[in-house]
Colleague: 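One structure, pasted below without further comment.
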Amino acid sequence: MSGTSEGPAPESGEPPRAGPPMVTQRDEEGSGELRDYRAAFRAAALPMAVVDHRGQVVRVNEALASLLGTGPDALRGGRAADLVDLAADGRSQVAYGEVLAGTRSRLRCTRRLKHPDGRSLWAEVTVVPMADPAEGPGNALLSVEDVSDRHELHLRLRHLRMHDPVTRLPNRTLFFERLTTALEPPPFQEDPPFQETPPPGNGRIGLCYLDLDGFKAVNDTLGHHVGDRLLAAVATRLTDCADADGHHRAGGHLVARLGGDEFAILVEDSAGAHQLTELAGAVLGALERPFDVGGQRLSVSASIGVVERAAADATPTGLMQAADTTLYWAKADGRGRWTLFDPERNAHRMTRQALSATLRAAVERGEFTLEYQPLVGMADEVVRGVEALVRWNHPRFGMLAPHRFVPIAEEDGTIVQLGRWVLRTACRQARRWQLEHPAEPALFVSVNVAVRQLWDSDLVADVAEVLAETGLAPGLLQLELTESAVTGSAGRPLRVLQALSDMGVRIAIDDFGTGYSNLAYLSRLPVSVLKLDGSFVRGFRQDDGNRSSPADETIVEAMVQLAHRLGLTVTAECVETSGQAERLRRIGCDTGQGWLYSRAVTPERIAELIGSRPPGS
């Protein structure tokens with residue numbers, strides 16, 4: 001045996017004599033393992049260092065020393081964080097401290113290091129504790145792996161993923177990544193250091209969003225190969241325009257292809273709307289020049305939506321929605337032009353969308369109401385009838401006049417449902433007035449009818465049902481259609497109008513004189529009343545010191561005479577002054593309507609006027 005175990009003390013009480021230290025098999029094995037470990041550490045191809053809990057280098061292998069261009073002894077005792085730039089960002093610095101303290105199991109980060117020969121390399125740095133965390137802080141092992149090839153491959157793959165293969169421009173993904181970054185607020189600094197020059201950036205951002213007019217025709221007639229070459233040529237001109245405008249800014253403007261024939265130019269740190277509109281004008285000028293593609297001379301134009309605003313007020317989604325809306329305006333305004341985002345115009349569009357989305361439900365919820373404007377006899381100035389005018393008591397926008405929602409209702413077909421409600425409500429009210437004032441001549445009620453109601457509903461059946469339901473005589477119902485709606489009427493519309501007339505309902509032509517004024521149709525349509533457009537009546541004004549228009553008076557007189565010869569009565573709209581009323585009376589108009597007599601009022605107010613003259617007459 002190489003040694004003995006320790007026994008009890010001798011009985012004489014003398015202290016045992018010191019002998020040579022005992023070496024156990026475990027000690028010998030530990031020393032061997034330690035030697036093996038150190039040998040492996042020194043010979044390892046992977047650059048490594050042992051770091052103590054204070055972050056100082058304890059040991060460095062040859063691979064790391066070679067990587068850093070020095071000897072192992074020169075690195076011993078230095079700060080490991082300085083060797084591989086672990087303090088480059090706050091997050092890595094904190095994680096590194098936690099590993100050294102034994103409270104974190106690993107740190108892994110990527111750093112760009114400088115090789116002694118001058119080339120740069122990308123390295124993956126890993127730091128792991130070497131001791132059991134339960135034993136408190138100890139040494140840590142730092143390793144550095146050269147991942148330059150992997151990093152370059154990643155960059156190449158990212159470039160392919162982020163760029164359009166046809167134009168080689170950034171694609172939609174990269175564009176939105178850059179846009180999102182541009183709109184991120186700057187990091188908060190509690191006490192920013194004094195700077196003699198302000199940091200770059202003025203907090204504004206701009207966007208030119210465009211697509212090509214007529215590109216589809218190129219693709220369809222010449223093929224996608226030619227179309228792709230044209231897109232690449234367009235991309236070159238867009239880049240030239242962006243470079244010329246953005247030369248003052250580091251990195252310039254971002255030009256991207258968002259898909260199809262859609263492109264965008266992102267202008268960070270915009271100098272204002274004038275810079276964006278000048279850029280858009282330059283783009284239009286550049287694209288107006290013909291393109292020579294494969295020996296073919298091609299011409300295209302573009303429509304551009306321009307948005308410019310404070311970055312703090314913008315989001316990627318909001319900015320793109322505004323750009324898309326403005327591009328639509330540019331196309332609607334005639335193509336081949338740029339249009340600047342207009343908040344007021346957008347608010348009107350948004351209001352229109354909101355009204356359209358809730359219109360049908362509003363009819364079902366009973367949000368509409370009727371007001372009535374008197375139709376007054378010109379000879380005796382007595383109220384003869386009323387025109388029913390619908391109002392929308394919108395829960396958000398308040399009381400809305402017909403011109404705000406009737407065109408929308410005509411577009412989406414809601415006018416049929418709304419028209420039935422107006423017809424029933426007006427006839428019921430007219431019958432109520434008749435019953436409440438039996439001694440007075442009954443008022444007729446005039447209801448506007450949209451041309452879509454002639455086509456998309458059984459108007460004859462609807463009218464018959466309402467008259468039977470309310471008990472109103474057919475002769476007390478007048479239906480108004482615009483001149484443009486009845487001009488050239490044939491087929492179903494003409495049959496509908498004839499059936500209504502045969503029923504006893506009066507047909508009136510509203511805004512007469514504003515359409516083509518083809519008087520021939522008056523002889524074949526079952527019309528009872530002509531309502532002269534207010535533009536003629538306004539020519540009669542003398543209150544402002546201007547003389548009335550002789551031409552307007554002559555035209556009105558001729559139309560009144562023609563109508564009377566055809567057996568029609570004439571109503572003058574927009575009568576505002578007593579002078580107008582007097583001339584219209586002299587010319588022979590039968591009834592008048594306008595603010596001289598009354599605005600549109602509630603049913604209760606009309607009840608007060610029955611059998612009397614309106615206040616203004």
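Keep in mind that this is a model prediction, so the values were computed, not measured.
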Colleague: Can you name the closest pair of heavy atoms from Ala282 and Cys241 and give their distance?
Modeller: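 Looks like O-SG, 3.8 Å.
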Colleague: Could you state the interatomic distance from CG (Asp261) to CG (Leu212), rounded to the nearest 0.5 Å?
Modeller: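 With rounding to 0.5 Å, CG (Asp261) is 5.0 Å from CG (Leu212).
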Colleague: Which atoms form the tightest heavy-atom contact between Arg396 and Ala354, and what is the distance?
Modeller: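 Residues Arg396 and Ala354, closest heavy atoms: NH1-CB, 4.4 Å.
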Colleague: Taking ring-ring contact (aromatic ring centres under 6.0 Å, His included) as the definition, give me every residue that meets it alongside Tyr328, ordered by chain and number, with sequence neighbours left out.
Modeller: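 Partners of Tyr328 under the ring-ring contact (aromatic ring centres under 6.0 Å, His included) test: none.
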Colleague: Taking Asp164's backbone N and O only, do any of them form a donor-acceptor pair with Arg257's side chain (distance below 3.5 Å, no angle check)?
Modeller: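 No; zero donor-acceptor contacts below 3.5 Å.
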Colleague: Would you say the side-chain atoms of His151 pair up with the backbone N or O of Val147, donor to acceptor, closer than 3.5 Å?
Modeller: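 Absent.
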Colleague: Nearest 0.5 Å, please: how far is CZ in Arg360 from OG1 in Thr414?
Modeller: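 The distance works out to 4.0 Å.
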Colleague: Tell me whether the rings of His394 and Phe397 are parallel (<30°), tilted (30 to 60°) or perpendicular (>60°).
Modeller: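 Aromatic pair His394/Phe397 classed tilted.
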Colleague: If you define the side chain from C-beta out and look only at heavy atoms, does anything of Arg150 sit under 4.5 Å from Glu145?
Modeller: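 They are in contact (side-chain heavy atoms under 4.5 Å apart), so the answer is yes.
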Colleague: Counting only heavy atoms not in Met350, do more than 12 fall under 6.0 Å of its CE?
Modeller: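 Counting neighbours around CE of Met350, 12 or fewer heavy atoms of other residues, nucleotides or ligands fall under 6.0 Å, so no.
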Colleague: Apply side chain to side chain contact (heavy atoms under 4.5 Å, CB included) to residues Leu174 and Glu177 and explain how you reach the verdict.
Modeller: CA-CA 5 Å; Leu174 181 54; Glu177 182 180 289; 4.0 Å; yes
Colleague: Mind listing the closest non-hydrogen atom pair of Ile408 and Arg404 along with its distance?
Modeller: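 Closest approach of Ile408 to Arg404: CD1-O, 3.6 Å.
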Colleague: Which atom names give the shortest non-hydrogen contact between Ala123 and Val144, and what distance separates them?
Modeller: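 Heavy-atom minimum between the residues: CB-CG1, 3.5 Å.
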Colleague: Compile the donor-acceptor pairs under 3.5 Å between side chains in residues 306-320 and protein atoms, sequence neighbours left out, one pair per line.
Modeller:
from, atom 1, to, atom 2, distance (Å)
Glu308, OE1, Arg204, NE, 3.4
Glu308, OE1, Arg204, NH2, 2.8
Glu308, OE2, Arg204, NE, 2.8
Glu308, OE2, Ser270, OG, 2.9
Thr315, OG1, Gly318, N, 3.0

Colleague: Does a sphere of radius 6.0 Å around CZ in Arg112 hold more than 12 heavy atoms from other residues, nucleotides or ligands, not counting ones at 6.0 Å or beyond?
Modeller: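 At most 12 heavy atoms, drawn from other residues, nucleotides or ligands, come within 6.0 Å of this atom.
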Colleague: Rounded to the nearest 0.5 Å, how far apart are CD of Gln275 and CG of Asp245?
Modeller: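 So the CD of Gln275 and the CG of Asp245 are separated by 4.5 Å.
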Colleague: With sequence neighbours left out, which residue pairs that include part of residues 346-371 fulfil the ring pair (Phe, Tyr, Trp, His ring centres under 6.0 Å) condition?
Modeller: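 Qualifying pairs, neighbours excluded: Phe368-Trp392, Phe368-Phe405.
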Colleague: Mind running side chain to side chain contact (heavy atoms under 4.5 Å, CB included) on Val283 and Leu238 for me, showing each step along the way?
Modeller: CA-CA 6 Å; Val283 168; Leu238 293 180; 3.5 Å; yes
Colleague: Quick one, Leu86 with Leu107, criterion side chain to side chain contact (heavy atoms under 4.5 Å, CB included). Give me CA distance, side-chain angles, the key distance, then yes/no.
Modeller: CA-CA 10 Å; Leu86 288 180; Leu107 163 66; 4.2 Å; yes
Colleague: I'd like to know if the side chain of Asn171 reaches the main chain of Arg161, judged simply by a donor and an acceptor atom lying under 3.5 Å from each other, with no hydrogens or angles considered.
Modeller: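 Side chain of Asn171 to backbone of Arg161, a donor-acceptor pair under 3.5 Å: yes, one is there.
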Colleague: Using modelled atom types only, decide if a donor and an acceptor are shared between the side chain of Ser356 and the backbone of Arg352 within a distance under 3.5 Å.
Modeller: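 No, Ser356 side chain to Arg352 backbone: no donor-acceptor pair under 3.5 Å.
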Colleague: Applying the side-chain contact (heavy atoms from CB on, under 4.5 Å) test to Val449, which of Leu423, Leu459, Val422, Thr482 qualifies?
Modeller: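 Exactly one option meets the side-chain contact (heavy atoms from CB on, under 4.5 Å) with Val449, and it is Leu459.
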Colleague: So which atom in Leu287 and which in Ala302 form the shortest heavy-atom distance, rounded to 0.1 Å?
Modeller: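 Looks like CD1-CB, 3.6 Å.
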Colleague: Applying side-chain contact (heavy atoms from CB on, under 4.5 Å), name anything that partners Asp456, two or more places apart in sequence or on another chain.
Modeller: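 side-chain contact (heavy atoms from CB on, under 4.5 Å) check on Asp456 returns Val416, Arg452.
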Colleague: Please report the shortest heavy-atom distance between Asn448 and Glu480, naming the atom on each side.
Modeller: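 In terms of heavy atoms, the two residues are closest at OD1-OE1, 3.3 Å.
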Colleague: Less than 4.5 Å apart, side chain to side chain, heavy atoms only: is that true for Cys208 and Leu276?
Modeller: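 Yes, close enough: below the 4.5 Å cut-off.
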Colleague: Could you verify whether a donor N or O on one side chain and an acceptor N or O on the other, from Arg111 and Ser92, lie under 3.5 Å apart?
Modeller: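 Checked: Arg111/Ser92 side chains pair up, N/O donor to acceptor below 3.5 Å.
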Colleague: Looking at Arg365, I'd like to know if its CZ atom is crowded, meaning that more than 12 non-hydrogen atoms belonging to other residues, nucleotides or ligands lie closer than 6.0 Å.
Modeller: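 Counting other residues, nucleotides and ligands, CZ of Arg365 exceeds 12 neighbours.
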Colleague: Side chains of Thr326 and Leu340: does their closest heavy-atom pair fall under 4.5 Å?
Modeller: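 No, every pair of side-chain atoms sits at 4.5 Å or beyond.
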Colleague: Kindly indicate whether the side chain of Thr236, heavy atoms from C-beta on, has any atom under 4.5 Å from the side chain of Thr239.
Modeller: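 No. Closest side-chain heavy atoms not under 4.5 Å.
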Colleague: Any chance CD of Glu364 has more than 12 other-residue heavy atoms, nucleotides or ligands included, within less than 6.0 Å?
Modeller: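 Yes, enclosed.
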Colleague: Looking at side-chain heavy atoms only, is the closest gap between Asn346 and Trp329 below 4.5 Å?
Modeller: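 The answer is yes; the side chains approach within 4.5 Å.
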Colleague: Can you tell me how far CE of Met559 sits from CZ of Phe536, rounded to the nearest 0.5 angstrom?
Modeller: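 Nearest 0.5 Å value for the CZ-CE distance: 4.0 Å.
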Colleague: Please determine whether side chain to side chain contact (heavy atoms under 4.5 Å, CB included) holds for the pair Leu258 and Tyr209, giving the CA-CA distance in whole Å, both sets of side-chain angles, and the decisive distance to 0.1 Å.
Modeller: CA-CA 9 Å; Leu258 303 187; Tyr209 181 38; 3.6 Å; yes
Colleague: So Leu179 and Ile205, do their side chains get closer than 4.5 Å, heavy atoms only?
Modeller: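 A side-chain contact exists here, since the closest heavy-atom pair is under 4.5 Å.
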Colleague: Is there a donor-acceptor pair closer than 3.5 Å between any side-chain N or O of Gln580 and the backbone N or O of Val537?
Modeller: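 Side chain of Gln580 to backbone of Val537, a donor-acceptor pair under 3.5 Å: yes, one is there.
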Colleague: Identify all side-chain donor-acceptor contacts of residues 288-300 below 3.5 Å with residues at least two apart in sequence or on another chain.
Modeller:
from, atom 1, to, atom 2, distance (Å)
Asp292, OD1, Gly295, N, 3.4

Colleague: Which value, rounded to the nearest 0.5 Å, describes the distance between Thr369 atom OG1 and Leu389 atom CG?
Modeller: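 Output value for this atom pair is 11.0 Å.
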Colleague: Step by step, work out the salt bridge (charged side-chain N to carboxylate O under 4.0 Å, His left out) result for Arg178 and Glu268.
Modeller: CA-CA 10 Å; Arg178 173 85 168 264; Glu268 299 178 51; 2.5 Å; yes
Colleague: Heavy atoms, side chains only, cut-off 4.5 Å: are Thr167 and Val255 in contact?
Modeller: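 The answer is no, as the side chains (C-beta and beyond) never meet within the 4.5 Å cut-off.
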Colleague: Mind checking the CZ-CD1 spacing from Phe263 to Ile304? Nearest 0.5 Å is all I need.
Modeller: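 One gets 11.5 Å once the value is rounded to the nearest 0.5 Å.
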Colleague: Give me each pair satisfying salt bridge (charged side-chain N to carboxylate O under 4.0 Å, His left out) with a member in residues 321-339, each pair once, sequence neighbours excluded.
Modeller: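 As it turns out, the salt bridge (charged side-chain N to carboxylate O under 4.0 Å, His left out) pairs with a partner in residues 321-339, which skip direct neighbours, are Asp211-Lys331, Asp213-Lys331, Asp213-Arg335, Asp333-Arg345.
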Colleague: Taking the basic N atoms (NZ, or NE/NH1/NH2) and the acidic carboxylate oxygens, is any pair closer than 4.0 Å for Asp458 and Arg420?
Modeller: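 A salt bridge is absent here (no side-chain N lies under 4.0 Å from a carboxylate O).
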